[in-house]
S.K.: 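Take this structure, written in structure tokens, and hold onto it; I'll ask about it next.
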Amino acid sequence: MSVFDRFPTVRGVLQEKADLAKKSWFGVGGPAEILFIPEDMDDLVLFLRNVPEGFPVTALGAMSNVLVRSGGIDGIVILLGNWFKKIFVEDGIFEVGAAVSCRELATVAIDSELGGLEFLTGLPGSIGGALKMNAGCYGSEISDALVEFEAISKDGRVRWFKVSDVDFGYRTSGIPDDLIITRAWFRGLQNVDYVISRKTNEIIRKRTENQPTNKRSCGSTFKNPEGRKAWELISEAGCRGMRVGGAAVSEKHCNFIINDGSATAEDIESLGIKVADKVQQVTGIKLEWEVICLGKSVK
Ligand SMILES: Cc1cc2nc3c(=O)[nH]c(=O)nc-3n(C[C@H](O)[C@H](O)[C@H](O)COP(=O)(O)OP(=O)(O)OC[C@H]3O[C@@H](n4cnc5c(N)ncnc54)[C@H](O)[C@@H]3O)c2cc1C
């Protein structure tokens, strides 16, 4: 008997022991026990309403902020496919599928001559992942432009939330882990007094100058503690260039851990732990991970 005999018949992709490493920005990690890529919203609803007991559900986006350990993720991983990659614009409001990349939305905002979303060009994640993390940069966060979002609970109930229903903070949204974000609405600013494409290009230039954008990483490893920059503390603690196996603290931006091509997930996680310990020893400040480590380690 195949494990799939216990699952509902779906129109999307249902795969056992599915490789996640190739999909992830770090380029490492073990498989998903079961991967489901729904064909559309109805397929997702039907699937979730009929998931057999004992299978935890994890939603992932572009995997630009998660480190999956080598033992992989137990249960079901849901990735939203093409149906969730649509953008509509009307009266200054963007309706955006959760699998749309932040960069794509920034590009559509330029074409629509609507401002306020330029910072999204610097975020490699999806709209769903960015909302869950309340991702942001250069003084803006994705919740600043959010009007409302749609999500589905892991038992298959579709729900809608206004921005005020959720407790957004620095790199945290308070969106319960039980919800899979499927769609969101953002407000663009009309008649801004700057050239939107110029501001967007300026952000791309700054990031290329200051970050190892051509290396495999998940962006900032640690959150900035109140009043300090994590990279300054890491530099002060002498961790720039520190290595474990194929993982290294970037010389260019020392809050980035990069995979030189040979790192395992465990190299990356061990290096993060080593850096945080050293920072605490030297500065007395405990760094909090921004990257989310998921799944089982292989001993
Ligand atoms: C080079 C680089 C630079 C970066 N720079 C920045 C930066 O400046 N600022 C910043 O904030 N981040 C930055 N990041 C991190 C990352 O891009 C953001 O956090 C991003 O928004 C995560 O989106 P994702 O789709 O990749 O989510 P994932 O990494 O796939 O997931 C992140 C979290 O969101 C959850 N999630 C994903 N999709 C959904 C969904 N549809 N519904 C519910 N939960 C979901 C996951 O379970 C997980 O908990 C950077 C990353 C890289 C690689």
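We count ligands from 1, going down the list as the structure has it; atoms in each ligand are counted the same way. We use all heavy atoms of the structure for the numbers below, so side chains are in, but hydrogens, waters and symmetry mates are not.
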S.K.: Write out the residue and atom name of the closest protein heavy atom to atom 27 (O) of ligand 1, then the distance separating them to 0.1 Å.
M.R.: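 Looking at atom 27 (O) of ligand 1, the protein heavy atom closest to it is G129 CA, 3.5 Å.
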
S.K.: Kindly say whether K162 contributes a backbone atom to a donor-acceptor pair with the side chain of E148 at under 3.5 angstrom?
M.R.: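 No, the answer is negative, given that no donor and acceptor are paired below the 3.5 Å cut-off.
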
S.K.: Would you indicate which of P176, A98, S64, G125 comes nearest to atom 16 (C) of ligand 1 when only heavy atoms are counted?
M.R.: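 Among P176, A98, S64, G125, the closest heavy atom to atom 16 (C) of ligand 1 comes from S64.
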
S.K.: Counting only heavy atoms, tell me which of N214, D177, I203, I181 gets closest to atom 40 (C) of ligand 1.
M.R.: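 Going through N214, D177, I203, I181 one by one, I181 has the nearest heavy atom to atom 40 (C) of ligand 1.
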
S.K.: Give yes if a backbone or side-chain nitrogen or oxygen of W25 is under 3.5 Å from a nitrogen or oxygen of ligand 1, and no if not.
M.R.: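 N/O-N/O distance below 3.5 Å does not exist for this pair.
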
S.K.: Write out the residue and atom name of the closest protein heavy atom to atom 1 (C) of ligand 1, then the distance separating them to 0.1 Å.
M.R.: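 Here the nearest protein heavy atom works out to S217 OG, 3.9 Å.
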
S.K.: Are F256 and W231 side-chain neighbours, meaning at least one heavy-atom pair lies under 4.5 Å?
M.R.: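 Answer no - side chains too far apart.
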
S.K.: Can you pull out the closest protein heavy atom to atom 30 (O) of ligand 1? Residue, atom name and distance to 0.1 Å, please.
M.R.: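 Nearest neighbour among protein heavy atoms for atom 30 (O) of ligand 1, to 0.1 Å: G61 N, 2.7 Å.
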
S.K.: For atom 31 (O) of ligand 1, which protein heavy atom lies nearest, and how many Å away is it?
M.R.: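 It is V66 CG1, 3.7 Å.
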
S.K.: Would you say that F149 contacts W160 through its side chain, given a criterion of any heavy-atom pair below 4.5 Å between the two side chains?
M.R.: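 They are not in side-chain contact.
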
S.K.: Report yes if C218 has an N/O atom closer than 3.5 Å to an N/O atom of ligand 1; otherwise report no.
M.R.: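 Looking only at distances, the answer is no, because the N/O contact criterion of under 3.5 Å is not met.
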
S.K.: Under a 4.5 Å cut-off applied to non-hydrogen side-chain atoms, are R11 and D42 in contact?
M.R.: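 A side-chain contact exists here, since the closest heavy-atom pair is under 4.5 Å.
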
S.K.: Is I292 close to ligand 1, meaning an N/O of one under 3.5 Å from an N/O of the other?
M.R.: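 Min N/O separation from ligand 1 is not below 3.5 Å for I292.
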
S.K.: Under 4.0 Å from a heavy atom of A130: give me the atoms of ligand 1 that qualify, with their elements.
M.R.: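 Reading through ligand 1 atom by atom, the close ones are 21 (O), 23 (O).
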
S.K.: Among all protein heavy atoms in this structure, tell me which lies nearest to atom 7 (C) of ligand 1, with the distance rounded to 0.1 Å.
M.R.: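 Closest protein heavy atom to atom 7 (C) of ligand 1: L123 CD2, 3.3 Å.
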
S.K.: Compute the ring centroids of F7 and F55, then answer whether they are less than 6.0 Å apart.
M.R.: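 Yes, close enough.
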
S.K.: Is a donor on one side and an acceptor on the other found under 3.5 Å between the side chain of D43 and the backbone of D40?
M.R.: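 Looks like no, no N/O pair under 3.5 Å.
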
S.K.: Would you indicate whether the side-chain heavy atoms of V291 and I268 approach each other to under 4.5 Å?
M.R.: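 No - every pair of side-chain heavy atoms lies 4.5 Å or more apart.
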
S.K.: Does S220 reach ligand 1 with a nitrogen or oxygen that is under 3.5 Å from one of the ligand's nitrogen or oxygen atoms?
M.R.: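 No; every N/O pair is 3.5 Å or more apart.
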
S.K.: Counting heavy atoms only, name the option from S126, A59, S101, G122 that's nearest to atom 25 (O) of ligand 1.
M.R.: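 Closest candidate by heavy-atom distance is S126.
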
S.K.: Has N259 got a side-chain atom pairing as donor or acceptor with F26's backbone, closer than 3.5 angstrom?
M.R.: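 A pair under 3.5 Å: yes.
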
S.K.: Taking the minimum heavy-atom distance to atom 14 (N) of ligand 1, which of A135, P124, C102 ranks first?
M.R.: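 The residue whose heavy atom sits nearest atom 14 (N) of ligand 1 is P124.
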
S.K.: For Y138 and E118, test the side chains for any donor-to-acceptor distance below 3.5 angstrom and give the result as yes or no.
M.R.: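 No pair is found: no donor N or O on one side chain lies under 3.5 Å from an acceptor on the other.
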
S.K.: What residue and atom, counting heavy atoms only, is the protein's closest point to atom 28 (P) of ligand 1, and at what distance?
M.R.: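 Answer for atom 28 (P) of ligand 1: M63 N, 3.7 Å.
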
S.K.: Given G136, A62, C137, which one has a non-hydrogen atom that is nearest to atom 10 (C) of ligand 1?
M.R.: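 Minimum heavy-atom distance to atom 10 (C) of ligand 1 goes to G136.
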
S.K.: So which protein heavy atom does atom 15 (C) of ligand 1 come closest to, and at what separation?
M.R.: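 Protein heavy atom at minimum distance: N65 OD1, 3.3 Å.
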
S.K.: Under a 4.0 Å threshold between the charged nitrogen and the carboxylate oxygen, would D267 count as salt-bridged to R243?
M.R.: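 The answer is no: the pair does not qualify as a salt bridge.
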
S.K.: Using a 4.0 Å heavy-atom cut-off, which part of L179 comes near ligand 1: side chain, backbone, both, or neither?
M.R.: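 The answer is the backbone of L179.
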
S.K.: Has R207 got any heavy atom lying under 4.0 angstrom from an atom of ligand 1?
M.R.: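 R207: in contact with ligand 1 (<4.0 Å).
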
S.K.: Return yes if some donor-acceptor pair links the side-chain N/O of R240 with the main-chain N/O of E251 below 3.5 Å, else return no.
M.R.: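 It does hold such a pair.
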
